> 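Below are the structure tokens for one structure; questions will follow.
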Amino acid sequence: MKRLQDKVAVITGGGSGIGAATAALFAQEGARVMVVGRNEEKLRKTVQAINQEHVSYTVADVSQVEDTQRYLREAVERHGGLDILVSNAGIQGEFRPISDIPVESFDSVMAINVRGTWLAIKYAFPELQKRGGGSIILTSSAGGLGGMGISSPYVTSKHAVVGLARAAAIDGAPHRIRVNAVCPGPVDNDMMTNVERTLGAGNEAAIREWVAGRVPLKRFASNEEVARLNLFLASDDSSYCTGGAYPVDGGWSSSLP
Ligand code: NAD
């Protein structure tokens with residue numbers, strides 16, 4: 001028996017990186033999956049690569065109320081309900097000391113990473129209740145468990161996501177809705193490549209080496225290593241886990257600076 005047989009899963013930020021790997025793994029484990037994101041080309045490629053009947057996409061901006069209501073409605077209409085939500089869409093924001101970050105830049109990170117996550121939970125709850133419960137997984141970060149310099153909007157937003165998991169877990173418990181956060185360290189994908197490009201300015205390899213050197217396991221995670229934690233939290237294997245914030249960071253968050 002596959003671990004997510006006939007479950008319906010919505011994955012935001014599913015057109016790339018962790019979200020795309022999670023969609024592929026969930027589909028392999030029998031789920032009907034809808035990926036959500038802003039970039040239609042990436043979403044189409046994700047769905048084509050998975051190449052299974054019950055996998056689809058929709059374009060939406062997770063920070064918008066109407067878009068959130070629509071993508072959840074579309075998932076229910078296409079697949080007959082909702083059992084699993086992976087609220088994973090997120091942006092990094094600017095790398096600068098707090099005094100140099102424009103207020104608008106802070107607002108845009110909070111709109112996607114926090115408001116988008118809160119909206120997803122708010123509108124998913126009634127659909128999960130109709131199924132007698134479900135699992136919600138929020139992508140936070142190792143930056144949601146501790147501080148990092150020149151990243152105040154991102155770190156603030158990812159701490160908020162951990163808080164959201166804890167608060168929503170209590171609201172969800174009477175309805176058998178479990179809510180957990182995953183906290184990846186550096187992952188080998190576009191987001192980290194952009195970080196290296198932004199901070200490295202021609203010497204990306206040095207930035208990568210420096211970041212990897214701070215991780216006790218001395219390497220980045222793959223998207224699939226994060227997806228496997230998502231699978232555990234989505235499946236009944238984690239039936240007693242709710243309100244947790246789970247590092248998948250090679251030891252980063254437990255090591256001293
Ligand atoms: P990624 O940049 O490939 O994925 C982010 C996805 O979110 C993209 O597909 C993007 O199109 C989508 N997105 C952004 N804003 C959106 C919006 N307003 N509406 C809909 N979709 C939107 O990188 P990733 O690593 O796969 O990121 C997934 C999550 O993992 C993010 O929340 C990120 O903060 C978190 N994370 C990443 C790392 C890392 O090292 N890559 C580490 C810790 C946490």
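Start at 1 and go down the list; that is how both ligands and their atoms are numbered. What you see is a predicted model, and the numbers here were worked out from it, not measured in a lab.
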> Return yes when atom CD of Q5 has more than 12 non-hydrogen atoms of other residues, nucleotides or ligands closer than 6.0 Å, and no otherwise.
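Yes - once you tally the heavy atoms of other residues, nucleotides and ligands closer than 6.0 Å, there are more than 12.
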> Strictly distance-based, threshold 3.5 Å: is any side-chain N or O of T12 a donor or acceptor partner for the main-chain N or O of A89?
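Yes, the answer is positive, given that a donor and an acceptor are paired below the 3.5 Å cut-off.
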> What distance separates R73 CZ from E127 CD, expressed to the nearest 0.5 Å?
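Here the rounded value is 10.0 Å.
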> Do any N/O atoms on S63 end up under 3.5 angstrom from N/O atoms on ligand 1?
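No; the residue has no nitrogen or oxygen that sits under 3.5 Å from a nitrogen or oxygen of the ligand.
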> Go through ligand 1 atom by atom and flag the ones less than 4.0 Å from a non-hydrogen atom of A60.
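That gives atoms 19 (N), 20 (C) of ligand 1.
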> In the protein, what heavy atom is nearest to atom 12 (C) of ligand 1, and what distance, to one decimal place, separates them?
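Answer, as residue, atom name and distance: G13 CA, 3.8 Å.
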> In the protein, which heavy atom is nearest to atom 13 (N) of ligand 1, and how far is it?
A89 CB, 3.8 Å
> Checking contacts here: is it the side chain or the backbone of Q92 that comes within 4.0 Å of ligand 1, counting heavy atoms only? Could be both or neither.
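It is neither part, as no heavy atom is under 4.0 Å.
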> Report, in ascending order of atom number, the atoms of ligand 1 lying under 4.0 Å from any heavy atom of P186.
40 (O)
> What residue among V36, T58, V35 forms side chain to side chain contact (heavy atoms under 4.5 Å, CB included) with L43?
V35
> Starting from atom 4 (O) of ligand 1, which protein heavy atom do you reach first, and at what distance in Å?
S16 OG, 3.4 Å
> Output yes when a protein non-hydrogen atom is found under 4.0 Å of atom 10 (C) of ligand 1, and no otherwise.
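Within 4.0 Å: no protein heavy atom nearby.
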> Tell me: protein heavy atom nearest atom 42 (C) of ligand 1, and distance?
G185 O, 3.1 Å
> Is the CD atom of E209 crowded by more than 12 outside heavy atoms at less than 6.0 Å?
no
> Distance from I136 atom CD1 to L85 atom CG, nearest 0.5 Å?
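Output value for this atom pair is 5.5 Å.
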> Answer yes or no: is there a donor N or O on one side and an acceptor on the other, between the side chain of D236 and the main chain of S239, under 3.5 Å?
no
> With atom 14 (C) of ligand 1 as the reference point, say which of G90, A142, S157 has the nearest heavy atom.
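Residue with the shortest heavy-atom distance to the ligand atom: G90.
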> Quick one: pull up CD in E225 and CG in L217 and give me the separation to the nearest 0.5 Å.
8.5 Å
> For atom 15 (N) of ligand 1, which protein heavy atom lies nearest, and how many Å away is it?
R38 NH2, 3.4 Å
> Please work out whether any backbone atom (N, CA, C, O) or any side-chain heavy atom from C-beta onward of Y154 is under 4.0 Å from ligand 1, and answer side chain, backbone, both or neither.
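Only the side chain of Y154 comes within reach of ligand 1.
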> Can you name the atoms of ligand 1, numbered from 1 with element, that are less than 4.0 Å from a heavy atom of I112?
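Listed by number with element: 15 (N), 18 (N).
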> Hey, which of N189, T193, N194 is the one that makes side chain to side chain contact (heavy atoms under 4.5 Å, CB included) with M191?
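Single side chain to side chain contact (heavy atoms under 4.5 Å, CB included) partner of M191 among N189, T193, N194: N189.
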> Ignoring hydrogens and geometry, is there a side-chain-to-backbone donor-acceptor pair from H175 to G132 under 3.5 Å?
no
> Does ligand 1 have an atom under 4.0 Å from some heavy atom of S140?
yes
> Using a 4.0 Å heavy-atom threshold (strictly under), name the region of D61 that reaches ligand 1: side chain, backbone, both or neither.
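D61 to ligand 1: contacts from backbone and side chain alike.
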> Given N189, V59, V187, D188, which has its nearest heavy atom closest to atom 40 (O) of ligand 1?
V187
> Among all protein heavy atoms in this structure, tell me which lies nearest to atom 26 (O) of ligand 1, with the distance rounded to 0.1 Å.
I18 N, 2.8 Å
> Check C183 against ligand 1 and report side chain, backbone, both or neither, counting heavy atoms closer than 4.0 Å.
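Looking at C183 and ligand 1, no heavy atom falls under 4.0 Å.
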> What protein heavy atom sits nearest atom 19 (N) of ligand 1, and how far off is it?
V62 N, 3.0 Å
> Using distance alone, with no hydrogens and no angle criterion, decide if D190 and S16 have a side-chain donor and acceptor under 3.5 Å apart.
no
> With no hydrogens and no angle check, do the side chains of Y154 and E94 hold a donor and an acceptor under 3.5 Å apart?
no
> Can you tell me how far CG of D83 sits from OG of S135, rounded to the nearest 0.5 angstrom?
10.0 Å
> So which protein heavy atom does atom 29 (C) of ligand 1 come closest to, and at what separation?
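Atom 29 (C) of ligand 1 sits closest to the protein heavy atom N88 O, 3.1 Å.
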> How does P184 reach ligand 1, by side chain, by backbone, by both or by neither, if only non-hydrogen atoms under 4.0 Å count?
both
